[in-house]
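In this text, all values refer to a predicted model and were calculated from it rather than measured experimentally. By convention in this document, chain letters (A, B, ...) are assigned in the order of the sequence lines, proteins followed by strands, and residues within each chain are numbered from 1.
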Protein chains: 2
Amino acid sequence: MTIPADATRFVEYSDQFLKNVAVDNVIFGYHEKELKVLLQQPYTLDKWTVTGGYIKKTESIEQAASRIAFDRTGLKDLYLKQFGSFGNPQRVIDKGFTPQRIKEITGFEIPSTSWIFDYFVSVSFYTLTEFSKVESTKGELEADSKWWPVSELPPMMFDHEHIINEALSALRVHIAHFPIGYELLPEKFTLPEIHSLYETILGKSLDDRNFTKKLLLTKIVSKLDETRKIGRHRSPFLYQFDKEKYEEGLKSGVALVF
Amino acid sequence: MTIPADATRFVEYSDQFLKNVAVDNVIFGYHEKELKVLLQQPYTLDKWTVTGGYIKKTESIEQAASRIAFDRTGLKDLYLKQFGSFGNPQRVIDKGFTPQRIKEITGFEIPSTSWIFDYFVSVSFYTLTEFSKVESTKGELEADSKWWPVSELPPMMFDHEHIINEALSALRVHIAHFPIGYELLPEKFTLPEIHSLYETILGKSLDDRNFTKKLLLTKIVSKLDETRKIGRHRSPFLYQFDKEKYEEGLKSGVALVF
DNA sequence: ATTAATTCCGTACTTTTTACGGAATTAATT
DNA sequence: AATTAATTCCGTAAAAAGTACGGAATTAAT
């Protein structure tokens with residue numbers, strides 16, 4: 001987040017936060033072959049923002065990212081990956097906050113030399129979750145908070161569209177080297193399901209036979225004896241993640257290049 | 001940089017800088033099969049730091065990184081790559097700055113609630129240069145500024161050793177996808193020279209025949225008719241970078257995996 | 001029994017990666 | 001002029017990884 005959506009309240013409590021630096025989380029949600037991103041709309045602006053917040057003086061940037069993600073999703077233990085930081089003087093323009101505007105809205109008088117009118121460096125993280133798990137909750141000073149398809153974003157504040165694109169690039173690089181899916185698929189899932197997951201995230205189609213071959217080679221999933229009856233066609237076998245191999249893959253990496 | 005080496009002067013001029021966020025540059029230098037890193041030692045501390053500085057309100061973080069690198073190396077147009085940001089409350093401990101200490105040294109009285117005593121988020125970049133090109137200049141309040149072998153670092157402030165290790169990891173990933181060497185080798189160079197460059201940066205030996213094969217496949221270097229007589233053995237042919245292919249590689253990437 | 005939708009086994013081919021053998025060149029020395 | 005030591009670098013063979021498809025098997029509705 002670049003500009004405090006809740007600037008006036010922020011000024012009251014500002015002592016607990018670092019100045020001129022904040023965290024932005026690009027929260028991706030996957031559900032039934034769709035990739036979405038959770039965005040908020042502040043009252044003060046007709047544009048949308050990624051999920052941001054300030055950093056407490058007593059917490060690390062990773063802890064801040066985690067807390068901020070929890071506040072909007074209700075989820076703990078999200079895997080948050082830092083992918084870049086963004087900062088330039090243009091970020092401060094068109095923010096919807098000027099001393100006059102704040103006085104109009106809240107009655108507070110903030111001197112125009114206050115650091116809240118200087119630009120904020122955004123330290124940015126992304127995460128990926130099953131979006132039906134999320135209880136999206138908006139902040140007090142936000143008009144709305146909702147999921148948007150990554151391919152059809154609304155008008156975004158500042159460079160937030162750029163930040164989302166960078167997050168998606170980083171995610172796509174990431175899944176070539178580390179396993180994903182544990183938080184996104186049911187405990188038992190079919191090959192077509194995990195196949196669609198990879199296709200959706202990568203934004204391209206993958207040969208089903210070669211996909212299966214490479215996936216099974218990593219040993220991170222194992223085949224069960226059960227099948228799932230889902231229509232007038234062959235019933236797909238169920239698979240599940242091999243927790244041990246999966247954890248090892250998260251640590252040491254697993255090549256899974258498509 | 002996490003803690004202002006020149007805190008008192010900083011307080012005077014602080015209005016031009018962002019608060020609680022700063023840039024650190026890990027400046028790698030290559031010369032004759034050695035990889036070094038440029039470090040500074042503040043007077044106030046017996047530990048060493050990577051090359052850091054503050055961000056002006058009027059400049060982007062990339063511009064800040066560039067300016068800070070220029071101030072210590074005299075080099076413009078360095079390729080500075082952002083590889084991560086670091087921030088946690090531990091960064092503020094053992095920094096060598098307390099209100100008492102500053103008063104002792106400078107006579108200034110700074111309230112202990114000032115933001116300069118809160119932690120700084122470090123937005124970190126690395127760069128790589130031929131180190132004989134660098135005119136290392138120390139800042140006014142630094143005791144010393146010099147090159148250290150990456151494998152034999154002195155005691156470092158905070159997490160700066162960690163930052164250097166992360167920079168080196170990022171550099172090693174980077175050179176698998178983008179060409180390097182243009183700023184590090186003479187205009188005309190031999191295969192063994194560029195071979196050593198890659199071995200040094202990657203910290204492992206590479207089969208010379210396979211190295212050559214892959215390198216030539218990318219077409220970023222081209223063979224000249226000249227050789228260089230350098231001893232009682234076969235004279236190696238000279239090569240030079242194909243500027244066009246090299247530039248294209250910088251933009252679009254060139255796989256060069258060892 | 002037929003049909004449509006889907007799953008998934010298997011194979012052939014191409015490209016990339018890895019591992020080495022050994023010949024060629026240079027200049028000092030014998 | 002032959003020998004020697006140091007180094008450069010050409011080339012090949014085998015293994016591994018990646019790519020492209022054909023077509024058979026299964027399910028349930030008709």
Side-chain angles (χ1 to χ4, degrees), chain A residues 32-33 172-173 175-179 181 185-186 188-200 202 204-240 249 252-258, chain B residues 32-33 172-173 175-177 179 181 185-186 188-200 202 204-240 249 253-258:
Chain A
E32 293 190 350
K33 306 191 185 180
R172 286 175 175 168
V173 169
I175 68 171
H177 302 289
F178 297 90
L185 295 171
K188 298 175 180 180
F189 53 88
T190 68
L191 286 181
E193 281 174 339
I194 192 170
H195 182 212
S196 293
L197 171 63
Y198 274 84
E199 286 191 329
T200 302
L202 291 175
K204 64 182 183 188
S205 62
L206 304 170
D207 182 275
D208 58 346
R209 293 151 290 191
N210 294 335
F211 174 83
T212 307
K213 205 181 302 174
K214 289 183 191 178
L215 179 66
L216 295 181
L217 212 65
T218 67
K219 313 258 190 186
I220 59 174
V221 301
S222 48
K223 191 176 181 175
L224 301 174
D225 267 341
E226 312 164 54
T227 59
R228 182 190 288 158
K229 298 199 189 306
I230 44 166
R232 48 187 293 191
H233 55 72
R234 189 169 180 171
S235 300
F237 279 94
L238 291 172
Y239 287 75
Q240 65 182 11
S252 319
V254 175
L256 198 40
V257 180
F258 298 111
Chain B
E32 291 188 352
K33 304 191 186 183
R172 286 173 176 169
V173 169
I175 68 170
H177 302 288
L185 295 172
K188 299 175 179 181
F189 53 88
T190 68
L191 286 180
E193 280 174 339
I194 192 169
H195 182 211
S196 292
L197 170 63
Y198 275 84
E199 285 191 332
T200 302
L202 291 174
K204 66 182 181 187
S205 62
L206 305 170
D207 182 275
D208 57 346
R209 293 151 293 190
N210 294 335
F211 173 82
T212 306
K213 205 181 302 174
K214 289 183 190 178
L215 179 65
L216 296 183
L217 213 64
T218 67
K219 313 260 190 180
I220 59 174
V221 302
S222 48
K223 191 176 179 176
L224 302 175
D225 267 342
E226 312 164 54
T227 59
R228 183 190 288 157
K229 299 197 188 306
I230 44 165
R232 49 186 291 192
H233 55 73
R234 189 169 178 171
S235 300
F237 278 95
L238 291 172
Y239 287 74
Q240 65 182 14
V254 174
L256 198 39
V257 180
F258 298 109

Worksheet item: Run the side chain to side chain contact (heavy atoms under 4.5 Å, CB included) check on B/I194 and B/Y239 step by step: do they pass?
Response: CA-CA 10 Å; B/I194 192 169; B/Y239 287 74; over 6 Å; no

Worksheet item: Hey, mind stepping through B/L256 and B/L215 against side chain to side chain contact (heavy atoms under 4.5 Å, CB included) and telling me if it holds?
Response: CA-CA 7 Å; B/L256 198 39; B/L215 179 65; 4.1 Å; yes

Distance in angstrom units between [X] [atom1] and [N] [atom2], rounded:
X	N	atom1	atom2	answer
B/F237	D/dT8	CZ	P	13 Å
A/R228	C/dT6	CZ	C1'	14 Å
B/L217	C/dT15	CG	P	12 Å
A/R232	C/dT7	CZ	P	14 Å
B/H233	C/dA28	NE2	P	11 Å
A/K229	D/dA28	NZ	C1'	10 Å
B/Y239	D/dT8	OH	C1'	10 Å
A/H195	C/dT6	NE2	P	14 Å

Fill in: Nearest-nucleotide 5' precedence on DNA chain D, A/V257 against A/S235
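Looking at the nearest nucleotide for each, A/V257 comes out on the 5' side.
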
Item to complete: Starting from the C-alpha separation in whole Å, work towards a yes-or-no answer on side chain to side chain contact (heavy atoms under 4.5 Å, CB included) for A/I175 and A/F258.
Response: CA-CA 10 Å; A/I175 68 171; A/F258 298 111; over 6 Å; no

Worksheet item: Could you go step by step and tell me if B/L216 and B/T212 meet the side chain to side chain contact (heavy atoms under 4.5 Å, CB included) rule?
Response: CA-CA 6 Å; B/L216 296 183; B/T212 306; 3.8 Å; yes

Discussion item. Contact between B/L191 and B/P236 at the side-chain level, heavy atoms closer than 4.5 Å - yes or no?
Written reply: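 Side-chain contact under 4.5 Å: no.
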
Worksheet entry | Nearest-0.5 Å distance, CZ of residue A/F189 to CD of residue A/Q240 |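 If I round to the nearest 0.5 Å, the distance is 8.0 Å.
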
Worksheet item: When rounded to the nearest 0.5 angstrom, what is the spacing between OG1 in B/T200 and NZ in B/K33?
Response: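 One finds 7.5 Å between OG1 of B/T200 and NZ of B/K33.
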
Fill in: OP1 or OP2 of D/dC10 under 4.0 Å from side-chain N/O of B/K223
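Answer yes for this pair, as a side-chain N or O of B/K223 is under 4.0 Å from OP1 or OP2.
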
Worksheet entry | Intra- and interstrand pairs of DNA chain D - dot-bracket, Watson-Crick/G-U under 3.5 Å, | marks other strand | ||||||||||||||||||||||||||||||

Practice prompt. Among residues two or more places apart or on two chains, list those pairs meeting salt bridge (charged side-chain N to carboxylate O under 4.0 Å, His left out) that have a residue in residues 208-224 of chain A.
Written response: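 Output for this query lists A/D207-A/R209.
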
Discussion item. Determine whether a donor-acceptor pair (one donor, one acceptor, N or O, separation below 3.5 Å) exists between the side chain of B/R234 and the base of D/dT8.
Written reply: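 For B/R234, whose side chain was compared with the base of D/dT8, there is a donor-acceptor pair (under 3.5 Å).
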
Worksheet item: Is the backbone N or O of A/T190 less than 3.5 Å from a side-chain atom of A/H195, with the two atoms forming a donor-acceptor pair by type?
Response: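 No.
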
Worksheet item: Where along residues 205-216 of chain A does a heavy atom fall under 4.0 Å from DNA chain D?
Response: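 Here the set is A/D207, A/R209, A/N210, A/K213, A/K214.
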
